[in-house]
Amino acid sequence: MTTNNNIMLGAFALANAMAVATISAAPPGDKAAVVTWSQYDVTSPGDILGGKAGLLPGSAKVVDSTATLNGITYELLSAASLGLNSGGFPLGDIGDLSDVELNRLFRKSGYGGGPVSYSIVGAKPGLRYRAQFFVLNQSWPKTATMTLTLEGSASPAWEVATNGRIPDTGKLLQADWAQAAGDTTIDFTLTQNPGGGGVQLGGFVVHALGAGGADPGEVRVKRGGETPEQRTARMRWWRESKFGMFIHWGLYSATAGEWNGKADYGEWIMCNCKIPVKEYADLAAKFNPVKFDAKAWVKTAKDAGMKYIVITAKHHDGFAMFHSKADPFNIYDATPFKRDPLMELAAECQKQDMKLGFYYSQSQDWHQPGADAVLGRWDASQNGDFEVYLKNIVLPHLKELMTHYGPVAVLWWDTPTGSMTPDRTDRMKAMLKLQPGIISNNRLGGRNGGDTQTPEQEIPANGIPGKDWETCMTMGTHWGYNKNDVNLKSSSELIRMLIDITSKGGNFLLNVGPTGEGLFPERNVQRLAEIGKWMKVNGEAIHGTTPGPFPQAPAWGRVTQKPGKLYLHVFDWPKNGKLVVPGLTAKVKTAYLLAAAKHADLATSANAGGVEVAVPAQSPDPIASVVVLEIEK
Ligand code: FHN
């Protein structure tokens, strides 16, 4: 199968295998000095799920290995044990396989998963390569299917023929390709598993075939179809933005939260009041938001210091707030308004340099037959087939949203249900490929993590370390407009929340529920203006910052930073004129208040406990005053 020329370029396997024996030198070809090895021979058959390795076909003796790289232990299946000639493992390059995603994914009982993408980067155009992996254990019904595709190579798209069934335990699957210019992607998708069971794949290896002395390239296997650098680039604007506007606007807005004399509803009014589908749809005839002014909306967001807007394209009531050809239950066709507000908003966002994203309720839809209603259906017309809903409504809607409105920065899924099978979410996600840079949240469902975590109406005490996260929040009680929703958080509270979230590494997506006439309620506008006033002076300490360097927030407030600068957001101004920054060891070059004219210098002194800044007796802003420390990097 392989020759001495073949070079093994990456490997992993066996999530549960435990190291037992010798630590030996790193194998030849290893470029990562920190790698240590341990190996053991496995003699027992089968039970991978129980933590032991299985026997592979023929007489091959399985040798499992673990490698520790940057503090993470990887389990590797040695190609040499399979009769392959291993020229060495460039272990420095397998960091992206750290969580042995494939093993975890495919071991899951009950349903399939994926796709999980692996990019093979750095392979040399013109050379031939081979990818292999092993079916380590499987107990799936024969009706389960597994599809693997190789994309981006010169070879035709390649699929491991499983003929409608998972290959047996011990089978080796492989695919060869001639590398074209550009990277190769392998997508692993496992679908359909009625009746339980599980399967574990492992031993994923990439070889250069018969390179014949030719340099096979610095091939790396990377998880996710996107390199970390590419992900960083894609997420950059979002990470720097820190502050965005959520807009919940739909047919429900026309009710102002009132139904049959009771007025404490919001965007859930249709469900809460069990309004029959036809009766709710009839509201559209009176929905005529003629005061809608995209320019004013975007300006309000911009003046508040917000960098992106996410608006409900379709909420759970199923009413599309855009002109859809897929179904007439939309603002253009069903109302006297006869305008497409998302089109107008998209144009204005372009003009005012504001990112625009769409909220889309993908599985819950109270209007369309067959869609889900998480609290149960109440109208016979809601009965139907989810597949039909998906095919006729969701996919065409998504295609329209992804293609008619220019750049779409965010797709904000919501309320995933059990109908979100991998096959269905795959089809939805395929639509997002029409917007290559798009960022999506973690509410699609199935096994899709998404790009962002979405705590709702709360700020996690310690942020969500290592994740991109965004707290979404209402100013009052409801997301959609309710005329009685007047007990709002104060602008001071909202500003401090923005600071708190930023200091913990998150974003703040603050909601506005416009009226049925198309206006932002005055009470929201007032708060946004006050936030904007603060941001005008202090926005530098929010946008583009990361959490401060201290493990604990200081007693007086919060800290954010940029390279060479610490921003001290002081909530509790020191009465003695001494602001102490505990634990700061870096040398302070200058200190000043963002609010001070010409950024006049403040005296600082260092002592064993940290740095002390001499501040004026009065705080410039009782909500939060920002002291900047320029420090030596
Ligand atoms: O049910 C919705 C709700 O109406 C609103 O859209 C929020 C926003 O995050 N999401 C759902 C509840 O989680």
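Order of appearance sets the numbers: ligands from 1, and atoms from 1 within every ligand. Side chains are part of it too, since the values below use all heavy atoms of this structure and drop only hydrogens, waters and symmetry mates.
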Q. Does an N or O anywhere in Trp268 fall below 3.5 Å from an N or O of ligand 1?
A.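 Right, the criterion is met.
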
Closest non-hydrogen protein atom to [atom], residue and atom name please, with distance?
{"atom": "atom 12 (C) of ligand 1", "value": "Glu456 OE2, 3.4 Å"}
{"atom": "atom 3 (C) of ligand 1", "value": "Glu267 OE2, 3.5 Å"}
{"atom": "atom 10 (N) of ligand 1", "value": "Asp414 OD2, 2.5 Å"}
{"atom": "atom 6 (O) of ligand 1", "value": "His248 NE2, 2.7 Å"}

Between [X] and [Y] (salt bridge meaning N to carboxylate O under 4.0 Å), is one present in this structure?
{"X": "Lys307", "Y": "Glu240", "result": "no"}
{"X": "Glu344", "Y": "Arg339", "result": "yes"}
{"X": "Asp264", "Y": "Lys483", "result": "no"}

Within a distance under 4.0 Å of any heavy atom of [X], pick out the atoms of ligand 1 and give their elements.
{"X": "Cys472", "result": "9 (O)"}
{"X": "Arg443", "result": "9 (O), 10 (N), 13 (O)"}
{"X": "His316", "result": "1 (O), 2 (C)"}
{"X": "Tyr359", "result": "6 (O)"}

Q: State, yes or no, whether a side-chain contact exists between Val559 and His569 at a heavy-atom distance under 4.5 Å.
A: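 Side-chain contact under 4.5 Å: no.
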
Q. Are Asp468 and Met235 close enough that some pair of their side-chain heavy atoms sits under 4.5 Å apart?
A.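 SC-SC contact between Asp468 and Met235 confirmed.
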
Q) Which heavy atom of Met354 sits nearest a heavy atom of Ala301, and at what distance? A)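 In this case the closest contact between Met354 and Ala301 is CE-CB, 3.8 Å.
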
**Q.** Non-hydrogen atom of Gln364 closer than 4.0 Å to ligand 1
**A.**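 Under 4.0 Å: no for Gln364.
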
Q: Could you establish whether Tyr252 and ligand 1 come within less than 4.0 Å of each other, counting only heavy atoms on the residue side?
A: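 Checking ligand 1 against Tyr252, which is what was asked, there is no heavy-atom contact under 4.0 Å.
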
(Q) Check the orientation of His248 and Trp479. Use parallel for under 30°, tilted for 30 to 60°, and perpendicular for over 60°. (A)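 The arrangement is tilted - the two ring planes meet at 30° to 60°.
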
Q. Side chain to side chain contact (heavy atoms under 4.5 Å, CB included) between Asp365 and Asp372: does it pass, once the steps are laid out?
A. CA-CA 6 Å; Asp365 185 317; Asp372 289 332; over 6 Å; no

Q. Is the distance between the ring centroids of His315 and Tyr359 under 6.0 Å?
A.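 That pair passes the under 6.0 Å test.
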
**Q.** Which segment of Met473 sits under 4.0 Å of ligand 1 when only heavy atoms are counted
**A.**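 Neither part.
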
Q.
Side chain, backbone, both or neither: which applies to Trp412 and ligand 1 if a contact is any heavy-atom pair less than 4.0 Å apart?
A.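 It is the side chain that touches ligand 1; the backbone stays farther off.
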
